[in-house]
Asker: 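This is the structure, below, for whatever I ask next.
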Protein chains: 2
Amino acid sequence: MNFQLRKQYILQTLEQHGSVEVAAVAGHLRTTPITIRRDLALLADQGLVVRTHGGAVRPNMARHPIAFITKATAQGPQKEYICQLAARHIAEGDTIFIDCGSTTFPLCALIRHLKIRVVTNSLPVLFELAGSAVQVVMAGGEVDAKRRATHGAVATEHLRRYAVDKAFVGVDGVSLRRGLSANSEKEASIFLAVAASAGHVYLLCDSSKLERDQYFQFAPLSAVGTLVTDKQAPAELLAQHRDAGLAVLS
Amino acid sequence: MNFQLRKQYILQTLEQHGSVEVAAVAGHLRTTPITIRRDLALLADQGLVVRTHGGAVRPNMARHPIAFITKATAQGPQKEYICQLAARHIAEGDTIFIDCGSTTFPLCALIRHLKIRVVTNSLPVLFELAGSAVQVVMAGGEVDAKRRATHGAVATEHLRRYAVDKAFVGVDGVSLRRGLSANSEKEASIFLAVAASAGHVYLLCDSSKLERDQYFQFAPLSAVGTLVTDKQAPAELLAQHRDAGLAVLS
DNA sequence: ACATAAAAGAACAAATAAGAACAAAAACGA
DNA sequence: TCGTTTTTGTTCTTATTTGTTCTTTTATGT
């Protein structure tokens, strides 16, 4: 019976009943009160529980993770797959950029344990990676609550100053002829700031976005180093991307 | 019995039970604990398991969201009171700075509905106010997971560029003779950056911190415009602060 | 407000596990 | 087959966790 398992039990009980008692937990887990108290102290340090005399209660403040979970999209599994491909290109010691958006977000789970530095403007990424092995650098600037990211002049200027080894970005649309496009100028300016000084740009893009233009076109295809997409992407199209000079993973 | 087979067994057991123990696996596979520990170390490197003492657990079991709530401290009610006093000085249209720390955090709940701009380096403040009526500006920079805030050269430089109307800051210690002090240079440099261009500095400080010096002294009392504290503060001491030129709320 | 019982905390001791360094065994290629 | 490389085991040291004892703090009833 180690700490992780006790923690599981405590948090689970807390979730169900709203409170736990030291003596009850100690009895149930066949250990002593001091051990449980130490556990609760640790969990309280992380804000996961609030100590009371004789036990602990659930933090009444709304748990914010709920607000920041990725919306389950139709392309959920594809995005996970794409991120798995991309994650293989991340090595210990790297400094990488992770874009905001649902396509790049699953990367977080795959790199939590790596000793790398992650630069991001995404609030969910920040939240997911804060407290992990990863050193997070947040781009400062105005917070766009809808996109859950920082944007604006300060953010782009801030990002321009970081020369990341690898940038993992998403877009709203890509096409061979018109390059990268987005629904918002904000996204575009973030991309341009990052891409300018990134060693290599990985475009994470599920197949539904291929050959689909959005209204704001902001960069040629050549700004991208590697296109990472899923198995549904037509082989012929991928070959054309390779001809255009991109590396392609799928 | 090679590594691949042990790995299969370990991951399978992990999938079924959520956790494994070194001794149990070693016994079952007729090998020694050190071998299993080496296996687990390898698997942990790949993020497939999370080590515990005596075994390992599934990664998703160990992963816990960092709850961005303030830990309930002994001075909880005092801090709420202090923030209520401070909130009366915030008017629609203001641009204010909110410091990281448990003293200033309760301010968020009191200003959610106001049309103001909040500049902050605090992650809890960011998450509390994201999506509210408030326009949030986050200071960019390295994320300090322990303090749940951004810090560092970039953050201070970023903050220096905002001229906020009012800055609401906390400190670890204040005294008449030695001024403001902190436990960390990080906190200090944030204060100095903000205070330099703030219209008015409100120091939120519960009475337990009055006349208590911390090791790093970083600013004179005159850097503060208004001291906001609680009812427990000795009247005589507050009078002395007034003599020193500060406005005092309690 | 005071007394009392329960719980928390500090300090120390014991048990258990992890890690380092080196030796032995097995696998592999020439 | 021999030498080399990789894997596994042994021994010893170090670190972590847990439990015990005692003191201090906190909650609750009178």
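Because only heavy atoms are used, hydrogens play no part in the values below, and waters and symmetry mates are left out as well, while side chains stay in. Everything quoted here is computed from the prediction, not taken from an experiment. Numbers restart at 1 for each chain; the letters A, B, ... are given by sequence-line order, proteins then strands.
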Asker: Looking only at heavy atoms, which two atoms of B:A86 and B:V228 are closest? And how far apart?
Answerer: N-CG1, 4.3 Å
Asker: State whether A:T31 places a side-chain N or O below 4.0 Å from either non-bridging phosphate oxygen (OP1 or OP2) of D:dG19.
Answerer: yes
Asker: Rounding to a whole Å, what distance do you find between B:E21:CD and C:dT16:C1'?
Answerer: 12 Å
Asker: Is there a donor-acceptor pair closer than 3.5 Å between any side-chain N or O of B:R112 and the backbone N or O of B:G131?
Answerer: no
Asker: So, B:F191 versus B:F218, ring centres under 6.0 angstrom or not?
Answerer: yes
Asker: Any chance the side chains of B:R178 and B:Q217 put a donor and an acceptor closer than 3.5 Å?
Answerer: yes
Asker: Quick test: give all pairs of protein nitrogen or oxygen and nucleotides 12-16 of chain D nitrogen or oxygen below 3.5 Å, distance rounded to 0.1 Å.
Answerer:
unit_1 : atom_1 : unit_2 : atom_2 : d
D:dT16 : O3'    : B:H53  : NE2    : 3.2

Asker: Between the protein and nucleotides 19-26 of chain C, are there any N/O to N/O pairs under 3.5 Å, and if so, what are the atom names and distances?
Answerer:
unit_1 : atom_1 : unit_2 : atom_2 : d
C:dG19 : N7     : B:R37  : NH1    : 3.2

Asker: So, OP1 or OP2 of D:dG9: does either fall under 4.0 Å of a side-chain N or O from B:T35?
Answerer: yes
Asker: Quick one: do the B:K209 and B:T103 side chains pair a donor with an acceptor below 3.5 Å?
Answerer: yes
Asker: Verify the distance criterion only: is there a donor paired with an acceptor across the side chains of B:K231 and B:S250 at less than 3.5 Å?
Answerer: no
Asker: Give a yes or no answer on whether the side chain of A:T104 reaches the backbone of A:D99 with a donor-acceptor pair at less than 3.5 Å.
Answerer: yes
Asker: List the atom of A:L114, the atom of A:V134, and the distance in Å for their closest heavy-atom pair.
Answerer: O-CG2, 3.5 Å
Asker: Is any side-chain nitrogen or oxygen of B:T32 closer than 4.0 Å to OP1 or OP2 of D:dT8?
Answerer: no
Asker: What integer distance in Å separates B:R30:CZ from D:dT8:C1'?
Answerer: 17 Å
Asker: How many angstroms lie between CG in A:L85 and OG1 in A:T226, if you round to the nearest 0.5 Å?
Answerer: 11.0 Å
Asker: Map B:F3 and A:D39 onto DNA chain D by nearest heavy atom, then report which one ends up closer to the 5' terminus.
Answerer: B:F3
Asker: Could you tell me how far apart A:N2 (CG) and C:dA18 (C1') are, to the nearest whole angstrom?
Answerer: 14 Å
Asker: Please state whether the rings of A:H89 and A:Y202 are parallel, tilted or perpendicular, taking 30° and 60° as the class boundaries.
Answerer: perpendicular
Asker: Considering the terminal five base pairs at each end of the helix from C:dA1-D:dT30 to C:dA30-D:dT1, what angle separates the two local helix axes, rounded to 10°?
Answerer: 40°
Asker: Assuming nearest nucleotide by heavy-atom distance, tell me which of B:G54 and A:V22 is located more 5' along DNA chain C.
Answerer: A:V22
Asker: What is the separation between atom CD on B:Q4 and atom C1' on C:dA27, rounded to the nearest whole Å?
Answerer: 15 Å
Asker: Decide if the gap between the ring center of A:F168 and the ring center of A:F97 is smaller than 6.0 angstrom.
Answerer: no
